[in-house]
There are 2 protein chains.
Amino acid sequence: MAVTLGDVARHAGVSLATASRVLNGSARTVTEELSAKVRASADALGYLPNAPAQALARATGATIGVLLHDVADPYFGAIARGVGDAAARAGLLSLVTSTDGDPERELHAIRMLHAQRVRAIVLAGSGYTDPDAGRRIDEALAAYRDQGGIVTAITDHGPGYGTVLPDNRGGAAELTTALLGLGHRRIAVVTGPERMRVAQERLEGVLEAAAAAGLGGEEVLVERAEFTRDGGRAAVARILDRADRADRAGGAGVRPSVVVALSDICAAGVLAELRERGIAVPEEISVAGFDDIPLATDLAPALSTVRLPLADMGAEAVRLALDPAAGSGDGRQVLVAAEVVLRASTAQAP
Amino acid sequence: MAVTLGDVARHAGVSLATASRVLNGSARTVTEELSAKVRASADALGYLPNAPAQALARATGATIGVLLHDVADPYFGAIARGVGDAAARAGLLSLVTSTDGDPERELHAIRMLHAQRVRAIVLAGSGYTDPDAGRRIDEALAAYRDQGGIVTAITDHGPGYGTVLPDNRGGAAELTTALLGLGHRRIAVVTGPERMRVAQERLEGVLEAAAAAGLGGEEVLVERAEFTRDGGRAAVARILDRADRADRAGGAGVRPSVVVALSDICAAGVLAELRERGIAVPEEISVAGFDDIPLATDLAPALSTVRLPLADMGAEAVRLALDPAAGSGDGRQVLVAAEVVLRASTAQAP
DNA sequence: GTGAAAGCGCTAACAG
DNA sequence: CTGTTAGCGCTTTCAC
């Protein structure tokens with residue numbers, strides 16, 4: 001049914017090999033005359049290469065895989081876009097898998113991508129810290145690499161992988177310092193699940209800056225949450241309830257004057273909960289996020305955050321994968337700067 | 001290098017055919033004894049099927065393609081997530097292509113997906129109305145279908161395609177009616193580019209409801225914009241500038257009392273522009289959007305909009321593609337209801 | 001129920 | 001520079 005290379009070759013009166021050479025690039029060269037004939041036949045017949053056949057013959061496909069938590073999440077969506085665009089520029093298609101951060105599903109996704117013989121796998125959201133799940137995933141990744149696959153990561157996944165390294169720690173530290181500069185002395189941090197490397201790095205940045213400014217452990221409340229809107233909402237609710245209970249028990253002013261959510265999505269939930277409780281932001285409590293997702297500036301109030309060039313990071317991960325010369329340092333790393341963006345959700349401490 | 005089916009067969013002491021039958025399903029049955037042996041060998045050796053080879057032999061791949069404007073856009077991101085999940089449930093991987101609505105890129109993407117021999121193509125964001133570009137795209141799609149491909153669409157693409165049909169027109173009409181009920185009599189509509197079918201349908205819904213309520217052409221201002229934040233922002237700026245100019249020229253009260261942006265992203269831009277101009281929402285002007293993207297409720301103020309079950313729509317499109325019995329009506333359509341959600345951005349007309 | 005063998009469409013030596 | 005040919009790994013008749 002479909003037009004094959006053979007059909008084109010016959011129609012052009014050349015051999016299969018020649019047709020292949022002109023249509024699907026090759027080192028060897030073909031005379032312009034035959035070349036033109038083949039091209040003419042190809043589009044007269046409406047030839048479209050059979051990618052699986054090419055992948056089989058070449059032992060590598062024309063696709064690139066992306067592993068992330070959720071494409072619908074603005075953070076990952078932007079990365080997926082960057083990966084997709086860079087892949088397209090290289091003539092590749094991108095396979096996107098949303099795993100919700102579930103190690104079992106990540107493992108399965110990696111196997112599927114491996115089976116597809118994708119040219120490379122970009123790890124965008126698999127920042128596990130859990131060694132157990134990590135081992136099996138590493139094995140799957142190793143098997144893939146042993147067969148010529150390339151793995152590249154956004155956020156550290158250990159040495160050996162080309163890595164795009166956003167300055168999570170530095171950005172978080174800078175943000176914290178800025179907040180401290182506004183006079184805040186009691187700060188609540190809504191961080192992500194322990195297994196997420198980004199969450200850990202960002203948390204460390206906050207803690208580090210707080211400690212450097214002489215804040216003690218009691219002045220920095222850390223609350224874990226999923227990196228989702230509801231996670232942020234619930235986390236801030238717990239923080240406030242606890243503070244209020246302490247207040248009633250005699251303490252005073254134990255409420256934090258600022259809450260730093262380590263992801264914008266989370267911060268959106270924090271804002272929602274605060275609004276619902278009638279707590280004015282930033283008059284009573286300041287709020288900051290991280291990532292600077294596209295809608296951050298449209299939240300109520302406009303969210304102060306740390307900007308990361310998400311799409312570029314995705315593109316960079318692809319470049320690292322496809323270009324053996326890209327990246328520097330022994331782990332082939334690309335460092336990405338984070339930039340503090342102060343908007344309306346943060347103000348001088350009351 | 002890689003472990004092949006042949007290796008497994010040899011290791012298990014059976015033929016290639018038998019190994020294939022047990023590992024990659026088939027109508028024929030194999031004794032439990034051999035079956036077990038093969039499975040044991042397979043995972044002793046760490047066998048992973050070669051998807052391209054399977055695709056070549058079977059003449060169809062284990063992937064599904066999604067064509068959309070931009071994965072990073074919440075509307076499409078949610079759809080992509082739904083498609084990806086449904087695909088995963090069917091054991092398939094999903095290929096995502098962002099085209100920014102550019103017909104040339106859409107055409108190219110369709111060809112790439114066809115070349116990959118994807119099992120189906122889900123058209124999520126190709127609602128062109130422009131017949132010129134449409135023709136070439138239809139041809140590419142037809143060629144794909146002639147070779148056994150299945151095309152399914154979200155939003156109407158003409159008969160012949162299985163279609164998931166959100167009630168754009170009805171939702172827009174209902175929203176408009178609700179606005180009219182709040183006393184608004186001068187309404188501005190920020191719609192999308194002419195080539196986008198969704199934009200047209202939604203616009204028609206608004207116009208229809210307005211006409212039914214006896215509003216004349218002068219009371220409904222229509223402004224086109226790209227369906228992006230900046231598009232919405234610029235559109236509302238044009239609307240206001242024009243109204244203000246008219247005001248100065250002697251007219252009075254020509255400013256609309258409500259602006260309906262036919263996409264939430266657009267509405268976010270509208271809100272931003274209004275905020276910048278110091279116009280209070282909803283006190284001076286009400287604003288409404290469409291889609292109910294996840295962050296709609298977190299905008300400033302919380303956005304009134306029309307909810308569409310985006311992820312479900314994506315999943316439904318996949319079901320339509322994979323299950324020949326799915327969908328009803330001659331065009332195999334699945335109707336999806338839209339629900340008006342009134343939040344803080346709309347209020348009684350001043 | 002199981003195996004042998006013929007492709008699927010293309011690439012890449014290898015000759016000429 | 002061009003053509004011949006042997007696979008790539010798997011599925012699938014077709015015999016046994």
Side-chain angles (χ1 to χ4, degrees), chain A residues 1-39 41-42 45-63 91 114-119 147-148, chain B residues 1-39 41-42 45-63 91 111 114-119 147-149:
Chain A
M1 189 81 223
V3 177
T4 70
L5 230 208
D7 297 333
V8 175
R10 198 170 320 116
H11 184 276
V14 302
S15 76
L16 228 191
T18 299
S20 168
R21 295 199 261 255
V22 0
L23 263 13
N24 310 303
S26 135
R28 317 190 79 77
T29 135
V30 176
T31 39
E32 182 46 35
E33 190 193 334
L34 286 192
S35 218
K37 255 207 285 213
V38 171
R39 270 192 301 268
S41 300
L45 300 179
Y47 171 72
L48 216 48
N50 181 314
Q54 293 186 140
L56 177 55
R58 298 206 251 242
T60 176
T63 51
H114 182 169
Q116 284 295 332
R117 299 306 191 258
V118 294
R119 190 89 50 118
Q147 283 166 44
Chain B
M1 190 81 222
V3 177
T4 71
L5 229 208
D7 298 333
V8 175
R10 200 170 317 118
H11 184 276
V14 302
S15 76
L16 230 189
T18 299
S20 168
R21 296 199 259 255
V22 1
L23 294 179
N24 309 304
S26 134
R28 313 190 83 76
T29 135
V30 177
T31 37
E32 182 48 33
E33 191 192 336
L34 286 192
S35 216
K37 256 207 285 214
V38 172
R39 270 191 302 269
S41 300
L45 299 180
Y47 170 72
L48 215 48
N50 181 314
Q54 292 185 142
L56 177 55
R58 298 206 253 243
T60 176
T63 51
R111 296 228 173 90
H114 181 169
Q116 284 295 330
R117 300 304 190 260
V118 294
R119 189 90 47 114
Q147 283 167 44

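All values reported here derive from a predicted model rather than from experimental measurement. A, B, ... follow the sequence lines: proteins, then strands. Residue 1 opens every chain.
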Integer-rounded Å distance: [N] [atom2] and [X] [atom1]:
{"X": "A:Leu48", "N": "C:dG9", "atom1": "CG", "atom2": "P", "value": "13 Å"}
{"X": "B:Lys37", "N": "C:dT2", "atom1": "NZ", "atom2": "P", "value": "10 Å"}
{"X": "A:Arg10", "N": "D:dG3", "atom1": "CZ", "atom2": "P", "value": "14 Å"}
{"X": "A:Asn50", "N": "D:dG9", "atom1": "CG", "atom2": "C1'", "value": "14 Å"}
{"X": "B:Glu32", "N": "C:dT2", "atom1": "CD", "atom2": "P", "value": "11 Å"}
{"X": "A:Gln116", "N": "D:dC8", "atom1": "CD", "atom2": "P", "value": "20 Å"}
{"X": "B:Leu23", "N": "D:dT11", "atom1": "CG", "atom2": "P", "value": "9 Å"}

Nearest-0.5 Å distance, [atom1] of residue [X] to [atom2] of residue [Y]:
{"X": "A:Asn24", "Y": "A:Leu5", "atom1": "CG", "atom2": "CG", "value": "6.0 Å"}
{"X": "A:Arg21", "Y": "A:Leu34", "atom1": "CZ", "atom2": "CG", "value": "10.5 Å"}
{"X": "B:Leu16", "Y": "B:Asp7", "atom1": "CG", "atom2": "CG", "value": "9.5 Å"}

Based on the rotation axes of five pairs at each end, what angle does the helix from C:dG1-D:dC16 to C:dG16-D:dC1 bend through, to 10°?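 Axis-to-axis angle, ends of the helix: 30°.
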Begin from the C-alpha positions of A:Arg117 and B:Asn50 and carry the test side-chain contact (heavy atoms from CB on, under 4.5 Å) through to its verdict. CA-CA 7 Å; A:Arg117 299 306 191 258; B:Asn50 181 314; 3.7 Å; yes
Would you call A:Thr63 and A:Arg119 a side-chain contact if the rule is heavy atoms closer than 4.5 Å?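 In short, these two side chains do not touch, never coming nearer than 4.5 Å.
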Can you pull the salt bridge (Lys or Arg N to Asp or Glu O under 4.0 Å) pairs that have at least one residue in residues 45-61 of chain A, sequence neighbours excluded?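 Applying salt bridge (Lys or Arg N to Asp or Glu O under 4.0 Å) to every pair that reaches into residues 45-61 of chain A, excluding sequence neighbours, yields nothing.
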With a non-hydrogen cut-off below 4.0 angstrom, is A:Pro52 in contact with a base, only sugar-phosphate, or nothing?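 The residue A:Pro52 makes no contact with any strand.
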If you check every side-chain atom of B:Thr29, which of D:dG9, C:dT11, C:dG1 has the closest atom? C:dG1
Go through A:Lys37 and A:Val22 one step at a time and tell me if the side-chain contact (heavy atoms from CB on, under 4.5 Å) criterion holds. CA-CA 10 Å; A:Lys37 255 207 285 213; A:Val22 0; over 6 Å; no
If you compare all heavy atoms of A:Thr4 against all heavy atoms of A:Tyr47, which two are closest, and at what distance to 0.1 Å? C-CE1, 3.6 Å
Distance check: side-chain N/O of [X] vs OP1/OP2 of [N], anything under 4.0 Å?
{"X": "B:Asn24", "N": "D:dT11", "value": "yes"}
{"X": "B:Thr4", "N": "D:dC8", "value": "no"}
{"X": "B:Gln54", "N": "D:dC10", "value": "no"}
{"X": "B:Ser20", "N": "D:dC10", "value": "no"}

Want to settle it: does B:Val30 or B:Leu56 sit nearer the 5' end of DNA chain C, counting the closest nucleotide to each? B:Val30
Under 3.5 Å between N/O atoms: give me all the protein pairs with nucleotides 3-5 of chain C, atom names plus distance.
{"residue": "C:dG3", "atom": "OP2", "partner": "B:Ser15", "partner atom": "N", "Å": "3.1"}
{"residue": "C:dG3", "atom": "OP2", "partner": "B:Ser15", "partner atom": "OG", "Å": "3.3"}
{"residue": "C:dG3", "atom": "OP2", "partner": "B:Thr18", "partner atom": "OG1", "Å": "2.7"}
{"residue": "C:dG3", "atom": "N7", "partner": "B:Arg21", "partner atom": "NH2", "Å": "2.6"}
{"residue": "C:dG3", "atom": "O6", "partner": "B:Arg21", "partner atom": "NH1", "Å": "3.4"}
{"residue": "C:dG3", "atom": "O6", "partner": "B:Arg21", "partner atom": "NH2", "Å": "3.4"}

Can a donor-acceptor pair be found, under 3.5 Å and without considering hydrogens, that links the side chain of A:Thr18 to the backbone of A:Val14?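 It does not hold such a pair.
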